[in-house]
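Working notes, beginning with the structure itself.
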Amino acid sequence: MVFLSFVYRFLTNFAFMAVVYFSLNFMEKYPNRAILAILVLIYSAMRAASTLRAFYFFQKIEKLEAEARRLQAPINDGSGGTSVRKQVVTDVARLRRDGELKSYMDLFFLALIVLLCVAAIMRQ
């Protein structure tokens, strides 16, 4: 399931990049192409800001993971049920790491889309 989520994220980002590429290349008039490129740049900037906010969120989750592990260490000595707690912390760490990888993938494709838009604006 994790692999499928990465494949899905890659395919959706690639499809968006392909739509931007083909729509910018099939526009014959420069003003129309420039307006479309600027609109895509604005959308990409909003998505990039959202992705960068997600990194802040992942950083906070990482701090909570470290705190949970620190608080869990003394509890592990004498009480039961710690395997469930350990599993929850491990699952959260895995989900955070996967989310970070997906965010990096998003930023990579957004950078490629920005390059496509800038190239479309610069060429006459």
Side-chain angles (χ1 to χ4, degrees):
M1 208 56 184
V2 173
F3 179 71
L4 288 177
S5 69
F6 286 117
V7 170
Y8 173 76
R9 184 67 64 107
F10 178 83
L11 288 177
T12 55
N13 282 325
F14 187 79
F16 178 59
M17 186 179 70
V19 166
V20 169
Y21 176 77
F22 286 120
S23 64
L24 289 175
N25 280 334
F26 287 126
M27 290 275 184
E28 295 180 10
K29 295 182 180 180
Y30 176 75
N32 295 341
R33 187 172 56 230
I35 289 171
L36 180 64
I38 290 170
L39 289 175
V40 171
L41 282 173
I42 291 170
Y43 174 75
S44 296
M46 290 188 313
R47 259 186 76 186
S50 174
T51 303
L52 292 174
R53 271 194 64 220
F55 279 119
Y56 178 74
F57 178 68
F58 292 139
Q59 186 180 37
K60 295 298 181 188
I61 291 175
E62 188 174 15
K63 286 181 183 178
L64 285 173
E65 287 172 28
E67 187 67 21
R69 284 194 175 108
R70 186 185 68 79
L71 291 174
Q72 190 175 7
I75 297 172
N76 288 342
D77 296 337
S79 68
T82 58
S83 63
V84 174
R85 291 185 197 127
K86 283 183 184 178
Q87 185 63 36
V88 168
V89 172
T90 303
D91 290 343
V92 168
R94 184 181 49 80
L95 289 172
R96 179 192 50 80
R97 183 185 55 84
D98 291 347
E100 286 177 345
L101 289 174
K102 290 175 189 175
S103 294
Y104 281 125
M105 192 183 307
D106 287 345
L107 286 176
F108 173 74
F109 277 101
L110 287 172
L112 291 177
I113 290 168
V114 166
L115 288 175
L116 284 173
C117 292
V118 169
I121 290 173
M122 298 304 264
R123 72 182 157 139
Q124 257 332 45

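Values below: all heavy atoms of this structure, side chains included; hydrogens, waters and symmetry mates excluded.
Between F14 and F10, the two ring planes are parallel [angle under 30°; tilted spans 30° to 60°].
Applying the salt bridge (charged side-chain N to carboxylate O under 4.0 Å, His left out) test to pairs two or more places apart or on separate chains, none has a residue in residues 26-38. Residue pairs that meet the side chain to side chain donor-acceptor pair (under 3.5 Å) test with at least one member in residues 45-56, sequence neighbours left out, are N13-R47.
The number of heavy atoms from other shown groups lying within 6.0 Å of CZ (F16) is above 12. Within 6.0 Å of CZ on F108 lie no more than 12 heavy atoms contributed by other residues, nucleotides or ligands.
E62 meets the salt bridge (charged side-chain N to carboxylate O under 4.0 Å, His left out) test with no other residue; sequence neighbours excluded.
Taking both residues in full, the closest heavy atoms of K102 and S5 are given as NZ-OG, 3.2 Å, listed atom of the first, atom of the second, then distance. The two residues I121 and A37 make their nearest non-hydrogen contact at CG1-CB, 3.6 Å.
Rounded to the nearest 0.5 Å, atoms CG (L24) and CD1 (I113) are 10.0 Å apart. Interatomic distance, CZ of R94 versus CD of Q87, reported as 8.5 Å (0.5 Å rounding).
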Just do the side-chain contact (heavy atoms from CB on, under 4.5 Å) check on V20 and Y43 with the steps written out, would you?
-> CA-CA 12 Å; V20 169; Y43 174 75; over 6 Å; no
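Looking at heavy atoms from C-beta onward, F26 lies out of side-chain contact with Y21 at the 4.5 angstrom threshold.
Put simply, the side chain of Y30 never gets that close to the backbone of R123: no donor and acceptor are under 3.5 Å apart.
Salt-bridge annotation for R96 and E100: present, with a side-chain N of the basic residue lying under 4.0 Å from a carboxylate O of the acidic one.
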